[in-house]
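Each remark here refers to the structure printed beneath this line.
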Amino acid sequence: MSTQEKQQDADLFSVRREKLDELRSSGIEPYGDRFPVTHRAAEIASRYDELEGQEVAIAGRLMGKRIQGKAGFADLQDFTGKIQVYVRRDDMGEDVYKLFKKLDIGDIIGISGRVFRTGSQAITVAVASFSLLSKSLRPLPEKWHGLKDVDLRYRQRYLDLIVNPDVKEAFLTRVRIIKEIRRFMDDLNYIEVETPIMQPIAGGATARPFVTHHNALDMPLYLRIALELYLKRLLVGGFEKVYEISRVFRNEGISTKHNPEFTMLEFYQAYADLGDMITITEEMLSSVVQSVSDSMQIRYGEQEIDFTPPYKRMSMLEAVRSYTNEDFSHFDAGLAYEQARSLGLAVERGTSWGKILNEAFETFVEDKLVQPTFITGHPVDISPLARRNREYPLLTERFELFINTWEIANAFTELNDPIDQRQRFEQQVQEREHGDEEAHVMDEDFLNAMEYGMPPAGGEGIGIDRLVMILTNSPSIRDVILFPTMRPREI
RNA sequence: GAGCCAUUAGCUCAGUUGGCAGAGCACCUGACUUUUAAUCAGGGUGUCCCGGGUUCGAGUCCCGGAUGGCUCACCA
């Protein structure tokens, strides 16, 4: 059987598998050792003038091969980018050159050689020697179109990262954003802490949790849906400025804007209030935008979003009035019901005033809020952890920051009255009994903490993933989460 | 959870009225010592997502299912 005939009934994997065996039997280890790298691709390009004629050692993945007889070119890709390498039979000897020609695209190699420019001015390393560091057994996606199938891109993110350079950029931006936020919080002398991910009661937000079970304790544990209640326990414990950036989990639908696990920043500051949170938010966002972009104006799809502070502020009542011409400031559930009906909202009779207002807001206002806008003064019955407004007890001292129509941040002057907090929980428990699976459950331990005295405080949560989406112009949350949740599938 | 759309070679994609399964890249063989989506000559490597049905004949039409995308619902 000729090699060619053998090829015909062999798939690409077994062809490479055979190459690997041949390498081994000729004494070459296809999975090499430590390779001392002296330079990286981008560096050789940016410092070419100094490096011309110098000996360099680089390692990376072979991404292109242009052999032309007794010499040839190849592209090597490392974390910083691609660089061309040049191989010549007369430089490396017949055997080594043959070996190089046998390499597959996707193999990881280390080379050493001298930096030069070709006739067409391409910065190139003339290979003096090379070693195979890792044989690749599977063919990479096509070099020109890359990997487009979104399903494969998310499931096999490693391939996406190898062949689609923009993908790496978005994730590097994500890292920069989070780093900048940490720097910002640290500079304000906030203390970063870690609180339980598995909790006996999942509180701090209205959402369905994931449940697991602890065998030794023989009890259910919930993956946290928010960071809030533990961070507030730390306020009781004397931490005056505290923050956490970490994953929370919500057992809900998946969409371009929702992943079951996502990253939140939450921070709490004793003796502060909502106004302080507004200031911090504006300063933080403008500093983050500054650090990842040259401009305060960010393009997201068709929109241009201006992060220059101060951001627009509007109370929920004002916002609803200005988009519907209906005034809900009477605080009367019956009147609100009539207004909702005339606006075409499908609300049930008996729905509370606050829920109706919120419904009107979500339906008629939310999708208009493209530029950063603080919406303030949320009804108390949708804000069980926020302090009441002193003048209007049906409202709270709360804001949500909307950007690109998405809720990006949520903050309030924290409720620190344990009696009121208990009543709020009781209200939530009732709603849960009436079928609202997302309502809070009673958290006696949290109340116990608050009964020892929690300082007045301002607190805030920021959804990091959506912020990253906006700042990287990513249409899907899956473009900013390295390994988004997917239904498993055979490869 | 609902509606619409998609699924064909390792990847990116064609596939006509229902009539032998196709191209480019990748891969294999050969030529080529400064190319760069290298080029030239030759080679098609397939569970047409899965299961039924209609038909002389199904990648194509019908039904059911799987997975994904978009929109909506829920949510941040």
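All figures in this text were calculated on a predicted structure; none of them were measured in a lab. All heavy atoms count here, side chains included; hydrogens, waters and symmetry mates do not.
The aromatic ring centroids of A:Tyr243 and A:Tyr268 lie 6.0 Å or more from each other.
Here the separation of B:G57 from B:G18, taken at their C1' atoms, is 8 Å to the nearest Å. Between B:U34 and B:G30, the two C1' atoms lie 23 Å apart (nearest whole Å). Straight-line distance between the P atoms of B:U67 and B:C62: roughly 22 Å, to the nearest whole Å. B:G65 sits 24 Å from B:A73 when the C1' atoms are compared, rounded to a whole Å.
A sub-4.0 Å separation between OP1 or OP2 of B:C27 and a side-chain N or O of A:Lys143 is absent. Applying the 4.0 Å criterion to OP1 and OP2 of B:A76, one finds that A:Arg250 has a side-chain N or O inside that range. In this model, the phosphate group of B:U33 is not approached by any side-chain N or O of A:Arg89 to a distance below 4.0 Å at OP1 or OP2. Phosphate contact (OP1/OP2 of B:U35, side-chain N/O of A:Arg66, threshold under 4.0 Å): absent.
The distance from atom CD1 of A:Ile67 to atom P of B:G30 is 13 Å, rounded to the nearest whole Å.
Counting any heavy atom pair closer than 4.0 Å across all strands shown, A:Phe249 reaches no nucleic acid atom. A:Gln68 comes within 4.0 angstrom of a base, heavy atoms only.
Figure legend: A:Arg174 and A:Phe171 shown without cation-pi pairing, the cationic atom not lying both under 6.0 angstrom from the six-membered ring centre and within 45 degrees of its axis.
Of all nucleotides present, none satisfies the Watson-Crick or G-U wobble test against B:C48 with each distance under 3.5 Å.
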